[in-house]
Participant: 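Dropping a structure here in structure tokens format, bear with me for questions.
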2 protein chains.
Amino acid sequence: MSKVPPVLLDQQLCFSIYSASKKFNHFYQSALAPFSLTYPQYIAMLVLWEDAPLTVHQLGERLELDSGTLTPLLKRLEKQGWVSRVRSQTDERQVLIHLTEMATAKREEVYARIGQCQTLLGMTDKEIDDTMAELATVKSQLDTVSRQRLITKDIDSDN
Amino acid sequence: MSKVPPVLLDQQLCFSIYSASKKFNHFYQSALAPFSLTYPQYIAMLVLWEDAPLTVHQLGERLELDSGTLTPLLKRLEKQGWVSRVRSQTDERQVLIHLTEMATAKREEVYARIGQCQTLLGMTDKEIDDTMAELATVKSQLDTVSRQRLITKDIDSDN
DNA sequence: TTTCAGAATATTGTATACAATTAAATTGTT
DNA sequence: AACAATTTAATTGTATACAATATTCTGAAA
């Protein structure tokens with residue numbers, strides 16, 4: 001009975017976003033190649049440059065990543081000399097992520113590189129703000145829906 | 001000398017997109033849990049429902065994924081009964097991905113589920129179109145820039 | 001036809017992601 | 001103090017991504 005409309009990949013907002021996300025990844029990954037930073041490593045550094053030291057948990061809240069992702073990522077950043085991981089004295093459950101001197105020294109250089117990337121992108125501040133505003137709408141919808149004990153099977157019943 | 005403006009995570013379009021992409025992933029992943037499809041598996045099925053059979057290469061062009069990602073993904077889809085992978089008779093380099101009967105049978109059911117997801121998202125067609133249009137702009141910029149033999153180190157020189 | 005450049009897929013290695021579990025430390029309650 | 005509940009990181013297992021390489025096959029040129 002039920003004749004449901006076809007779902008075309010090219011009309012899916014999710015794929016649009018998925019694809020854009022991957023392209024941005026590559027873009028920054030190559031722009032940051034001189035620093036040997038992957039994109040997730042780069043955004044971790046951004047947060048740390050804003051606010052270090054931070055616990056793994058605090059960093060994870062900003063990046064929306066959990067320790068399963070962050071622990072190995074931070075170990076790699078440590079091995080490459082960007083951060084140090086230090087057990088907190090006051091609460092031994094926590095690990096504090098500190099910037100190294102190298103990280104502090106390279107901050108401006110990375111900022112400058114990112115500035116160039118933004119220039120290359122060639123979007124006006126307004127275009128960027130508008131796009132981010134639309135994405136914020138999408139994200140808040142997704143959060144709301146996810147929180148609402150998602151879709152129950154029985155909505156399907158048009159058979 | 002050079003005082004470069006700080007780079008704040010929350011003002012980065014890339015992070016906005018990265019974050020939205022992950023949320024969409026979870027959203028569809030849970031919506032499609034009854035079918036045991038991950039998000040990348042789901043978009044692969046979408047393309048196949050449009051056009052099967054397709055070679056790995058053709059599928060990869062639509063999804064912007066290479067064989068390094070697709071080969072194992074398709075093996076998992078095969079194991080779960082969604083597709084069959086068949087060496088082409090006419091060109092033995094190629095592997096044709098066919099839909100199984102189960103996949104054909106479940107198509108409408110999945111389409112219906114996605115329809116519900118779109119309803120839950122609560123965005124108008126116009127909002128979705130507008131957002132996708134803005135993302136298309138971003139993506140074409142990223143493509144252009146990437147194609148242009150990317151950023152040379154010397155642009156940095158403001159020291 | 002032999003050879004060889006190019007094409008298609010698979011494989012290897014590295015790095016995310018994230019659910020689920022574990023382990024250790026802390027807090028709250030009695 | 002004792003101990004259950006919670007919190008924080010780390011670990012385990014599965015699934016993407018993607019660069020780089022290997023393998024096999026095809027088609028074109030010599």
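Keep in mind that what you see is a predicted model, and the values were worked out from it rather than measured. Here is the naming used below: chain letters follow the sequence lines, and residue numbers restart at 1 for every chain.
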Participant: Round to a whole Å and report the spacing from CD1 of A/I43 to P of C/dA15.
Facilitator: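 Rounded to the whole Å, the gap is 16 Å.
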Participant: Could you tell me the separation between the CG atom of B/L73 and the P atom of C/dT9, rounded to a whole number of Å?
Facilitator: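 Answer to the nearest Å: 15 Å.
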Participant: Closest approach to the side chain of B/V56, judged atom by atom: which nucleotide of D/dA17, C/dA10, D/dT8 is it?
Facilitator: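 The closest nucleotide is C/dA10.
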Participant: Between the base of D/dT7 and the side chain of A/R93, is there any donor-acceptor pair under 3.5 Å?
Facilitator: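 Check passes, donor-acceptor contact within cut-off.
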Participant: Keeping to residues at least two apart or across chains, list the ring pair (Phe, Tyr, Trp, His ring centres under 6.0 Å) pairs with something in residues 60-83 of chain A.
Facilitator: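 As it turns out, there is no ring pair (Phe, Tyr, Trp, His ring centres under 6.0 Å) pair with a partner in residues 60-83 of chain A once direct neighbours are skipped.
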Participant: When you measure from the side-chain N and O atoms of A/R76 to the phosphate of C/dT14, is any distance below 4.0 Å, counting only OP1 and OP2?
Facilitator: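 Answer is no, no contact under 4.0 Å.
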Participant: To the side chain of B/K22, which of D/dC18, C/dA17, C/dA25 is closest?
Facilitator: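 The nucleotide sitting nearest to the side chain is C/dA17.
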Participant: In whole Å, I'd like the distance from the NZ atom of B/K75 to the P atom of D/dA17.
Facilitator: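 Roughly 18 Å, once rounded to whole Å.
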Participant: Is B/S67 side chain donor-acceptor paired with the C/dA8 base, going by distance under 3.5 Å alone?
Facilitator: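 Such a pair does not exist between side chain and base.
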Participant: Indicate yes or no: does B/R85 engage B/E78 in a salt bridge with an N to O separation below 4.0 Å.
Facilitator: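 So B/R85 pairs with B/E78 through a salt bridge.
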Participant: In whole angstrom, what separates A/D66's CG from C/dT21's C1'?
Facilitator: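 For the pair A/D66 CG and C/dT21 C1', the rounded distance is 13 Å.
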Participant: By nearest atom, which of the nucleotides D/dT26, C/dT26, D/dT8 is closest to the A/Q94 side chain?
Facilitator: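 Closest nucleotide to the A/Q94 side chain: D/dT8.
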Participant: OP1, OP2 of C/dA17 versus side-chain N and O of B/Y18: anything below 4.0 Å?
Facilitator: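 Answer is yes, contact under 4.0 Å.
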Participant: So does A/K126 pair up with A/D130, basic N to acidic O under 4.0 Å?
Facilitator: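 Yes, A/K126 and A/D130 are salt-bridged.
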Participant: State which of D/dT16, C/dT11, C/dC18 makes the closest approach to the side chain of B/T71.
Facilitator: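 It is C/dT11.
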Participant: Nearest of C/dC18, D/dT8, C/dA10 to any side-chain atom of B/V95?
Facilitator: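 Nucleotide nearest to B/V95's side chain: C/dA10.
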Participant: Side chain of A/S30, backbone of A/F27: donor and acceptor closer than 3.5 Å?
Facilitator: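 Side chain of A/S30 to backbone of A/F27, a donor-acceptor pair under 3.5 Å: yes, one is there.
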Participant: Once you round it to whole Å, what is the distance between P of D/dC18 and NE2 of A/H26?
Facilitator: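 My rounded result for the distance is 4 Å.
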Participant: Rounded to whole Å, please give me the gap between CZ in A/R87 and P in D/dT8.
Facilitator: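 In whole Å, D/dT8 P and A/R87 CZ are 13 Å from each other.
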Participant: Under 4.0 Å between any heavy atoms, over every strand shown, what does B/L65 touch: base, sugar-phosphate, or nothing? Just pick one.
Facilitator: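 Here B/L65 touches the backbone only, sparing every base.
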Participant: Taking the side chain of B/Q41 as its heavy atoms from C-beta onward, which of C/dC18, D/dT16, D/dA9 lies nearest to it?
Facilitator: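 Out of C/dC18, D/dT16, D/dA9, the nucleotide with an atom closest to B/Q41's side chain is D/dT16.
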Participant: For DNA chain D, whose closest nucleotide is more 5', that of A/T69 or that of B/E64?
Facilitator: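 Of the two residues, A/T69 wins.
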Participant: I want to confirm an ordering. Mapping A/K23 and A/P72 to their closest nucleotides on DNA chain D, which one lands closer to the 5' end?
Facilitator: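 Final value for this comparison: A/P72.
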Participant: Using a 4.0 Å heavy-atom cut-off across all strands, classify A/T90 as base, sugar-phosphate, or nothing.
Facilitator: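 Sugar-phosphate: the residue A/T90, judged by heavy atoms under 4.0 Å, touches backbone atoms but no base.
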Participant: Using a cut-off of less than 4.0 Å, is there contact between a side-chain N or O of A/T55 and OP1 or OP2 of D/dA9?
Facilitator: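 Looking at the OP1 and OP2 atoms of D/dA9, one of them is under 4.0 Å from a side-chain N or O of A/T55.
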Participant: Mind calculating the distance between CG (B/L32) and P (D/dA15) to the nearest angstrom?
Facilitator: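 After rounding, the gap between these two atoms is 16 Å.
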Participant: Using the test side-chain hydrogen bond (donor to acceptor under 3.5 Å, both in side chains), find all partners of B/S88 that sit at least two apart in sequence or belong to another chain.
Facilitator: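 side-chain hydrogen bond (donor to acceptor under 3.5 Å, both in side chains) check on B/S88 returns B/T90.
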Participant: Check the pair B/F24 / A/F15 against ring-ring contact (aromatic ring centres under 6.0 Å, His included), numbers first and verdict last.
Facilitator: CA-CA 9 Å; B/F24 251 126; A/F15 183 69; over 10 Å; no
Participant: What is the distance from CG of B/D91 to P of C/dG6, rounded to the nearest Å?
Facilitator: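 Value for this atom pair: 17 Å.
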